[in-house]
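On a predicted model such as this, the values are computed, not experimentally measured, just so you know. Counting begins at 1 with the first residue of the sequence.
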Amino acid sequence: MDVNIELPLFLGLAGGVLALIYAVWKSRWILALDVPDEKLKRIGGYVAKGAMAFLAREYKVLLPFALSAALLLFFGNHGVLKWEALTFLIGAFCSALAGYFGMKVATQANMRTTWAARTSLNEALRVSFAGGSVMGMSVIGLALVGISGILFTTIHVFGRDAGSLTDKVLPVLSGFALGASCIALFARVGGGIYTKAADVGADLVGKVEAGIPEDDPRNPATIADNVGDNVGDVAGMGADLYESFVAAVLGCMILGLAVNASETLKLRLCLLPLVLAAGGVIASAIGMWFVKVREGGSPQAALNKGSFIAAGLAALFSYPIFHFCLNGETFNDGAGASNLFWCTVIGVMGGTIIGLLTEHFTGTGRGPVNSIVKACDTGAATALITGMGVGMVSTALPVITMAVAIFLSYWQAGLFGVAIATVGLQLTLGIQLAVDAFGPVADNAGGLAEMAEMPPATRINTDKLDAVGNTTAAIGKGFAIASAALTSVVLFSAFKAETGIQSVEITNPMVLIGLLLGGAMPYLFSSMCMMAVGRAAFAMVEEVRRQFRTIAGIMEGTVEPDYGRCVDISTQAALREMLLPGLLAILSPVAIGFLGGVPMLMGFLTGVTASGVALAIFMSNAGGAWDNAKKTIETGVSGGKGSDAHKASVVGDTVGDPFKDTAGPSLNILIKLMGVMSVVIAPMLRRFWGY
């Protein structure tokens, strides 16, 4: 029986095009909004110009790397696999393009959110969320268009049977995933270093030493700080989840061809994720329509409502999709459409539970954050100790949730069930990323309101959005960590299938060595990121102090600080410091695989995942809790702004910044990048070691 391959490819492509149309529509709506205040437009222009300038310089640095990596793939491969070089460049380009579109609109939405906040909380939420939705839909749209386009071309060139997909088509597609992963890592690390260098410098000198408010226009680092919110949490997070989605789809396709089933069903299962993702685009678009808040209402409740509706619809849409694609057939000794539906539900529920757990440990007014607020009364040391304790205890329940999701989905449909649960977790990526990217837009809006000296009512509304944005950012990071954990399991299984290894003995010394090396890798990688932030922040602190000391009139507000110098310091530091952690992540699986063998590499991937997931949760949640403890005190609790408790909370927030915005999120990509890299080099390892 011939399989209609064109239909799922068309549906995947249509879903991607629909997402891009939505992104363009929202972009045009945002840009059509007028900002009459000239001072607000001028300061917002500084942020937009700085953000896009950083992105342009970052891409110029990465271009030689991308070309060099493509050449290595071309000359290191044989036959049709040389095409990986081209798909690598396409993946890198699409990832960069998604970051460019998302950040360009976000830096225009921030000032428009500020202007809307003068009169309406709901209107400010609409604008800021629309800015985030452009990022979300650009990511999912470009991913689906890229995957569907490459599959359509390679299937028609190399063949449409299961053997051709296994040996030629999907290995070539893995180059696309690797390109996305490499750009994502550098975007996350570089953006994280940039934003935290500026943030730490602005906080330590401005708020602690000079005693001026956050986002005060007299602070030379404040523009760089607002630029950093965009390059780290818009472009960086977008690249992170872009490569997570692509890697999950690739792994699911590889495992779909590895099931025990007829060849026709294998082909259907291989292309199934594209149809699922198209349904997820529609669910996300519907969910976005429900994100509205009444005056005096809760923006968090509005965002949760949209997310829950999208998740529920995505799960419902999957049921007829599975029945249509499987056409009554079963695989793996009886697993069928209903089993895959439950795997999707498991993935969606797992992501939702992890988001709620993250909100509990990092949200304002919750017990964990309140415990840090109380600890701030006795100084910075107790604030740091309590925050680290909160971060550590927050790892247990998310890890248990992931473990349960893996167990239940495997019980339903084997490894392919785990892959479907992983894709299910990311079905509503459009709205999940929109909720996350809303945070930095709202944060920027508050900063612009302060710098442009808008009426107090404006800052009240932007502060409400900003407080929610801190929590949504933490939830987004929790979602990204969960997707990284499940995606790494799928990629690990895909690597096993690609190498032809049936089993690995855990007591094999080579496997144990790999486990130990893999377990240490996230700590080594994180240390590089943290120390890079420290070095960059030192330069920023010295520059801010120099300007306060030597430029007369700054503190009186009669002379504008040299914002450009601080932007340049963050830019140079980020571009310089991101290279070494990036190369470590890319080259270590290659070195382990060719020097130690496939068993050692499998142990290495296991160690990286187990260690990296727990460390990422700890860092992200501790940082988010410290941040919201500071925000809580700034509302008037424990003496409010300027009190000793507030100064202690600023220290905690400063330590937590590189935790939650640099090292922690970068670990997500480290885990997935190593998995994708292993899948890419699997054919080379098979030839090298004679499997």
Do the charged groups of Arg42 and Glu560 touch, with an N to O distance under 4.0 Å?
yes

Legend entry - Close side-chain approach of Ser27 and Phe101, heavy atoms under 4.5 Å: no

Practice task
Using a cut-off of 6.0 Å, state whether more than 12 heavy atoms not belonging to Lys464 lie near its atom NZ.
Solution key: yes

Review point. Quick one: does Ile431's side chain get under 4.5 Å of Phe129's, heavy atoms only?
Key: yes

Answer yes or no: is there a donor N or O on one side and an acceptor on the other, between the side chain of Asn628 and the main chain of Thr362, under 3.5 Å?
yes

Heavy atoms, side chains only, cut-off 4.5 Å: are Leu142 and Phe93 in contact? no

Quiz prompt | cation_pi(Arg118, Trp115) dist<6.0 Å, angle<=45 | solution = yes

- Query: Side chains of Gln547 and Cys566: does their closest heavy-atom pair fall under 4.5 Å?
  - Reply: yes

- request: Begin from the C-alpha positions of Asp568 and Arg57 and carry the test salt bridge (Lys or Arg N to Asp or Glu O under 4.0 Å) through to its verdict.
  value: CA-CA 11 Å; Asp568 194 54; Arg57 289 177 65 174; 3.2 Å; yes

(message) When you compare the side chain of Ser570 with that of Phe54, does any pair of heavy atoms fall below 4.5 Å?
(response) no

To the nearest 0.5 Å, atom NZ of Lys41 lies from atom OH of Tyr46 at 14.0 Å

Please check: side-chain N/O of Ser128 versus main-chain N/O of Leu125, any donor-acceptor pairing under 3.5 Å? yes

Close side-chain approach of Leu121 to Pro299, heavy-atom, < 4.5 Å
yes

Query raised in the report: Can you say whether the rings of Phe88 and Phe65 are parallel (under 30°), tilted (30 to 60°) or perpendicular (over 60°)?
Result: perpendicular

Can you find a side-chain donor-acceptor pair between Ser244 and Gln426 that sits under 3.5 Å?
yes

Q. Ignoring hydrogens and geometry, is there a side-chain-to-backbone donor-acceptor pair from Arg459 to Gly446 under 3.5 Å?
A. yes

Give a yes or no on whether the backbone of Asp240 and the side-chain of Lys672 come within a donor-acceptor separation of less than 3.5 Å.
yes

### Task
Apply the test salt bridge (Lys or Arg N to Asp or Glu O under 4.0 Å) to residues Lys631 and Asp627: give CA-CA distance (whole Å), side-chain angles for both, the deciding distance (0.1 Å), then the verdict.
CA-CA 6 Å; Lys631 287 286 192 298; Asp627 192 355; 3.6 Å; yes

Salt bridge (Lys or Arg N to Asp or Glu O under 4.0 Å) pairs touching residues 93-102, sequence neighbours excluded, are none

TODO: Determine yes or no for a side-chain-to-main-chain donor-acceptor pair under 3.5 angstrom, with Thr487 supplying the side chain and Ala484 the backbone.
DONE: no

**Asked** Any side-chain donor paired with an acceptor under 3.5 Å for Gln572 and Arg576?
**Response** no

By ring-ring contact (aromatic ring centres under 6.0 Å, His included), Tyr100 pairs with (sequence neighbours left out) none

To the nearest 0.5 Å, atom CE of Met103 lies from atom CG of Leu55 at 4.0 Å

Taking C-beta and beyond as the side chain, do Val369 and Trp626 meet within less than 4.5 Å on heavy atoms? no

- request: Please examine the side chains of Thr358 and Ile354, heavy atoms only from C-beta on, and report whether any two atoms are closer than 4.5 Å.
  value: yes

